[in-house]
Structures are given as structure tokens and as C-alpha cells.
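Okay, so here's the structure we're looking at.
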Amino acid sequence: MKLIENISQLATCAGEGGQGAMHAIGDAAMVWEGATIRWVGPKRELPVEYWNAERIDAQGGTVVPGLVDCHTHLAFGGWRADEFTRRIEGASYLDIARAGGGIAKTVRLTREAGADALLNRARGFVREMTTLGVTTIEAKSGYGLDREHELELLRVYRRLAQAEPIAVVATFLGAHVVPPEYRDRREAYVALLIDELIPAVAAERLATACDVFVEESAFSLDEARRILLAGRAAGLAPRLHADQLSAGGGAELAAEVGALSADHLEHVSEKGIAAMAQAGVVAVSLPLVSLYLGQPPLPARRLIAAGVPVAVATDFNPGTAPSYHLPLAMTLACTLQRMTPAEALKGGTYYAAKALGLERRVGSLERGKAADFAVIDAPDVEHWLYHLRPNACRLTVAGGRAIWRAPGHSGARELA
Ligand code: NIG
Ligand code: FE
């Protein structure tokens, strides 16, 4: 049994109460046993049965649930720094894609990379993410775009999940774009996804969700519907990249197929917002993309007012968001999307877990849930996301065990 105390603020991020309800407790304590939380509350109410638990000192910091990055494209070959410069010089994301850059370039480099190289690189990313307080990461395929390489990416994620002490949850994104070799026979590619790849992914249990990029340059609404329904029938929960570059009815489709989430939504329509609210679809905001592409973010205030939960994720990928700094994304959710720090935290924890269908296990600090949490060197959540530092996380605990300790954090020694 372990007890963490000397906590200036603990935000449980329990689901009830809506976006701004992070359920803060001052001078808090939390008890866990093995991988599971036993008790959370004000320290003065600590039940006597826990008084002898092994004590860990939070050094007056803030405790939050382990962060959940619910949208990443974690494994890929190469980078695209040249496109970063070209966009600054005036080229658009679509100009670059039409000239053979963009996703197609990363597909070429990913196919060449080999599973071990992809794994080693992704492992390095994951380790750095855990130093920021992240304990659950969603990871999409989508840079293989043929049978061999899509399955290779998903098997890399499986190996990563087995080797690392955090949760890695894979999503099948074979429908990222139509690969160049199918450019003039896109129907054959859709058929390959539906008839071969989705069954193969499901048979090997390589993913829990199926995602489609719905966009003029990617997949139409009709194609997406067929792919998502085939995935759903095979046990893969639908998710969508929707309404990113133009309003395309993606949010409405997400509601129609009962998707866990619709992500991006920079151009979501009022009808789409209403449909998502009605169907209980989570909106995943990706403010690092707004930062990198210099484009307006999704209308978070309108979504929240309509009752749609808004998650915050990085969208880490080599094109539109080459960063996996989730606390930075949360600060950007505040400044660009006008979400309060409490709302942004709920978006990077409970609602992110909900976008993965994992909210019963992770994303909040409550009795019976996973002992996944981060100790932040700040007096409270507001101060943490306001005073943005390279890394304010002092200690990351996943499954009850310390997986990252900032040098000099004495309270962490007991968890070694
Ligand atoms: O989420 N929108 C499509 N996919 C990625 C971008 C991928 C890339 O440019 O490599 C995204 O933004
Ligand atoms: Fe994405």
C-alpha cells in the first residue's frame, strides 16, 4: 500500500460535471495498492486503515491523472522538415501533397524503414512522452498503406505495448489516403481495406479502433461509411479525421456510425455539432496542428456549449504536428481554443480516455481506477498550464510504479 501526500492540489478529473469540472482537492492524499487506486481525498479525512501505508512526498506539487494522448501517428520513417520551411515560404499542405510530398513521402520512408527501426524510434518517443506525465498513448497505422506495412506498423505497436510500462492502444488507419499505386483504382483499395485488411487486423487483434481520413484529398463520405461499418462489424470502434481542411459532413457521419470520436473538426458545421452532441461522440481537438499550419482551431466553445466533450491530443506526426508535447497542446487549447486550464486538463485526461473507450480504467483518479498519475511542480493546474515550462513533471507513475523521476525529486525514491 502506498500513499502520496503533501499535495497542494489534486484534480481527480472524474467524469461527472462536464468539461470544466476537474474536481480539485486541496491538501490532498491518495492511496494505491499494486496498480489500483484505493482512496483519494483531503488528507485530513484519510481513513485510519491507511495511516501505515508507505508515504511518498509530492513536495507541495500538483497531482493529475496520467495524461492520455488519444491521437498520434507514433511510428513512421523519416521526417519532413523541408516541408515545414516550404509552408513558411507560402506553399500549402495540399500543394506539397500534390507534388509527391506529404503523407506519400512518409509512406515511402516508412515502407523502407523496417520493423526494428520503427520500433526503436517509437520507443524513444514514448520514453520522452512519459517524462511529460503521459501514461496512455493511442497510435495509428496509416503510413504503410499496403497489407505488409500496415500490419507491420500495428505489430510494432503491439511490441511497444508489451515492452513499455505504459498503455499503447493501436488504431487501424489503412484509410489515411489512397496510396499512389492505387491512384487510378481507388475502389480496389477500398475493397482491399474492407475485404482483407480489416479482417486481418481483427483476427490478430492488432487494433481496437478503425479510423478514416474523410477529406476531398483522402476518402469520401460514402467510402468512409463503408470502411467504418466494416470495421465496426469486425469489432473495431469507428473514429474519424473529420472536417479538417473543409466542411465535409464528417461530424455527421461520426454520429451516424456511433463513433468514439471525431478528430480535427476545424470546419465542423452546426448540424455536425448537434449530431455529435446527440450521439455522444467526443470531439478530439488537435491544437498543435493549428499552431504548425497557422490555421484557425476547432470551435471548442461552440462544441462545449452544445454538450460535446472536447478532448485534447497532439496528433504527433511528421507533417502537421511534429511534436508530442501534450502539456504544450493543452496550453494551446487554452490560448487558441479559449478553453480554461481545467477544461483543457479534462480534455487531456478523462475525455481523452473516453475517446479511446477506456474511461472506466484510466483518465481520472478514483477508487478502483488505474494508479496512473503525474506530479507537477506547480501549485495548481491553472499555474501549470499558464507558466509553460519545458517540463514541469517531476514524477510519472503508471500502474502504481514510478516510470519517470525528475532528477532531485526526493519523494520519488520510495517508488524506485
Ligand atoms: O492528422 N490528417 C491527416 N493525417 C495527419 C497528417 C499526416 C501527415 O501529414 O503525415 C493529421 O493531421
Ligand atoms: Fe491525425
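We count ligands from 1, going down the list as the structure has it; atoms in each ligand are counted the same way. Model, not experiment: these values are computed from the prediction.
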Going by an N to O cut-off under 4.0 Å, is there a salt bridge joining R111 and D146?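 Judged by the 4.0 Å cut-off on N to carboxylate O distance, R111 and D146 do form a salt bridge.
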
Considering only heavy atoms of [X], which atoms of ligand 1 have at least one such atom less than 4.0 Å away?
| X | result |
| --- | --- |
| H241 | 1 (O), 2 (N), 3 (C) |
| G319 | 9 (O) |
| Y93 | 6 (C), 7 (C), 8 (C), 9 (O) |
| D315 | 1 (O), 11 (C), 12 (O) |
| Y143 | 7 (C), 8 (C), 10 (O) |

Can you tell me how far the CG atom of L3 sits from the CZ atom of R38, to the nearest 0.5 Å?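 One gets 14.0 Å once the value is rounded to the nearest 0.5 Å.
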
Measure the spacing between CZ of R127 and OG1 of T130 and express it to the nearest 0.5 Å.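 OG1 of T130 is found 8.0 Å from CZ of R127.
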
Among protein heavy atoms, which lies nearest [atom], and at what distance?
| atom | result |
| --- | --- |
| atom 2 (N) of ligand 1 | Q244 OE1, 2.8 Å |
| atom 12 (O) of ligand 1 | T320 OG1, 2.7 Å |
| atom 4 (N) of ligand 1 | H176 NE2, 2.8 Å |

Do the side chains of M129 and L326 get nearer than 4.5 Å, heavy atoms only?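 The answer is no, as the side chains (C-beta and beyond) never meet within the 4.5 Å cut-off.
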
Out of D315, D211, D69, which one pairs with K140 under the salt bridge (charged side-chain N to carboxylate O under 4.0 Å, His left out) rule?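 Result: among D315, D211, D69, D211 is the only option passing the salt bridge (charged side-chain N to carboxylate O under 4.0 Å, His left out) with K140.
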
Could you tell me whether the side chain of Y157 and the main chain of A75 form a donor-acceptor pair under 3.5 Å?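 Yes: the side chain of Y157 pairs with the backbone of A75.
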
Keeping E138 on the side-chain end and T171 on the backbone end, is there a donor-acceptor pair under 3.5 Å?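 No, the answer is negative, given that no donor and acceptor are paired below the 3.5 Å cut-off.
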
Looking just at side-chain N and O atoms, do [X] and [Y] make a donor-acceptor pair shorter than 3.5 Å?
| X | Y | result |
| --- | --- | --- |
| D263 | S261 | yes |
| E152 | T110 | no |
| H241 | H71 | yes |

Output yes when the distance from some N or O of ligand 1 to some N or O of T106 is under 3.5 Å, and no in every other case.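 Looking only at distances, the answer is no, because the N/O contact criterion of under 3.5 Å is not met.
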
Distances under 2.8 Å only: what protein N/O/S atoms are near the Fe ion (ligand 2), ordered by chain and residue?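 The answer is H71 NE2, H73 NE2, H241 NE2, D315 OD1.
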
Ligand 1 contact on E215 by region, counting heavy-atom pairs under 4.0 Å: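 E215 to ligand 1: no contact under 4.0 Å from either part.
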
Is the closest heavy atom of V289 to ligand 1 under 4.0 Å?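 Under 4.0 Å: no for V289.
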
Identify whether NZ of Lys or CZ of Arg in R186 sits under 6.0 Å from the centre of the six-membered ring of Y189 and within 45° of that ring's axis.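 Judged by the rule, R186 and Y189 form no cation-pi pair.
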
